[in-house]
Amino acid sequence: MNRHFLGDSTVLLGRSLRHIARSPDTIITTAVMPIAMMLMFVFVFGGAIDTGSGESYVNYLLPGILLITIASGISYTAFRLFVDMKGGVFERFHSMPIARSAVLWAHVLTSLVANLISLVVVLGVALIMGFRTGAGVLAWLAVAGILLLFTLALTWIAVIPGLSAKSVEGAGVFSYPLIFLPFLSSAFVPTDGMPGPVRAFAENQPVTSIVNTIRALFTEQSVGNDIWVALAWCVGILVVAFVFATTIYRRKIS
């Protein structure tokens, strides 16, 4: 690794963050859809949904909404990468005496920062809507760690279409299945009432274990095995996506 990697990544991260600061509509757009979903489900459908948990529906719903926020936000990571690739920005940076990997990592770090801001905005709206938790500092740190790991894993997935897509639409469309995935999980309703095949899928996909873990941390309940399943999913997705993304990147810049 180039000894200037950290310094180069920091400088390029600053460049990306300045672009976001000058065009905050990406953050706003990322947060609007999850907030709209939260408002609709809580105030329109919430009274008709029995979660069997005895807690307010906004408390039950929030973990899934946070994951949807991340899935929505990473589409902009793919978009920014695509624009830089097609605009020749990567080639210009690579002609300079900087670490080549820093160009890619700057986009990844930008995704983490942008999604963190979106998550804070959504969480703030949830608090206004009545979300309450007695979770302590350690529980909040655990929630933050899981969300950060999930964001990192999805970001590296986003890098793949960002580098290889043929059009702007192709770079962003991959996020739609990821946004839809929480609907086939325990994010909105318990899996017990789902039809057999749907329930089997819902209980054995990554979102359910992540949602259940975050929900347990917020309600100060035992996380059981869900946290290990959630971490295994996140790490597994991260490793596979990282390998594919870096392989594509090397081919692009070679």
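For reference, positions follow the sequence shown, starting with 1.
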[X] versus [Y], closest heavy-atom pair with distance:
{"X": "G73", "Y": "N115", "answer": "CA-OD1, 3.5 Å"}
{"X": "S209", "Y": "P206", "answer": "OG-O, 2.9 Å"}
{"X": "R215", "Y": "T219", "answer": "O-OG1, 2.8 Å"}
{"X": "T246", "Y": "V243", "answer": "OG1-O, 3.2 Å"}

Approximate separation, where rounding is to 0.5 Å, of [X] [atom1] and [Y] [atom2]:
{"X": "M129", "Y": "L127", "atom1": "CE", "atom2": "CG", "answer": "11.0 Å"}
{"X": "R132", "Y": "L62", "atom1": "CZ", "atom2": "CG", "answer": "12.0 Å"}
{"X": "L104", "Y": "L81", "atom1": "CG", "atom2": "CG", "answer": "6.5 Å"}
{"X": "I179", "Y": "I70", "atom1": "CD1", "atom2": "CD1", "answer": "12.0 Å"}
{"X": "I210", "Y": "I227", "atom1": "CD1", "atom2": "CD1", "answer": "11.0 Å"}
{"X": "L184", "Y": "Q205", "atom1": "CG", "atom2": "CD", "answer": "7.0 Å"}

TODO: Quick one: list whatever passes ring pair (Phe, Tyr, Trp, His ring centres under 6.0 Å) with F79, sequence neighbours left out.
DONE: none
Task: ring pair (Phe, Tyr, Trp, His ring centres under 6.0 Å) involving W140 - partner list, sequence neighbours excluded - done: F218
Does any part of the side chain of [Y], heavy atoms only, come nearer than 4.5 Å to the side chain of [X], both counted from C-beta?
{"X": "T110", "Y": "T77", "value": "no"}
{"X": "F188", "Y": "Y57", "value": "yes"}
{"X": "V223", "Y": "L217", "value": "yes"}
{"X": "L112", "Y": "L109", "value": "yes"}

Under a single-linkage definition using a 4.5 Å side-chain heavy-atom cutoff for Ile, Leu, Val, Met, Phe, Trp and Tyr, are [X] and [Y] assigned to the same hydrophobic cluster?
{"X": "V121", "Y": "L116", "value": "no"}
{"X": "V125", "Y": "V44", "value": "yes"}
{"X": "L141", "Y": "I214", "value": "no"}
{"X": "L123", "Y": "L138", "value": "no"}
{"X": "M37", "Y": "V120", "value": "no"}

- [ ] State which residues pass side chain to side chain donor-acceptor pair (under 3.5 Å) with S186; sequence neighbours excluded, sorted by chain then number.
- [x] N212
Task: For D226, side chain to side chain donor-acceptor pair (under 3.5 Å) partners two or more places apart - done: none
Taking only distance into account, with no hydrogens and no angle test, what donor-acceptor pairs under 3.5 Å do side-chain atoms of residues 146-166 form with protein atoms, sequence neighbours excluded?
residue : atom : partner : partner atom : Å
T151    : OG1  : L147    : O            : 2.7
T155    : OG1  : S111    : OG           : 2.8
T155    : OG1  : T151    : O            : 2.7
S164    : OG   : I160    : O            : 2.6

Task: F183, CZ atom: more than 12 neighbouring heavy atoms under 6.0 Å - done: yes
Open item on the list: Test your reading of the model: is there a side-chain donor-acceptor pair from S72 to the backbone of T69, 3.5 Å cut-off?
Closed with: no
TODO: Measure from the side-chain N and O atoms of S118 to the backbone N and O of A114, and report whether any donor-acceptor pair falls under 3.5 Å.
DONE: yes
Distance-only donor-acceptor pairs under 3.5 Å for side chains of residues 190-203, two or more places apart:
residue : atom : partner : partner atom : Å
T191    : OG1  : E203    : OE2          : 2.9
R199    : NE   : E203    : OE2          : 2.9

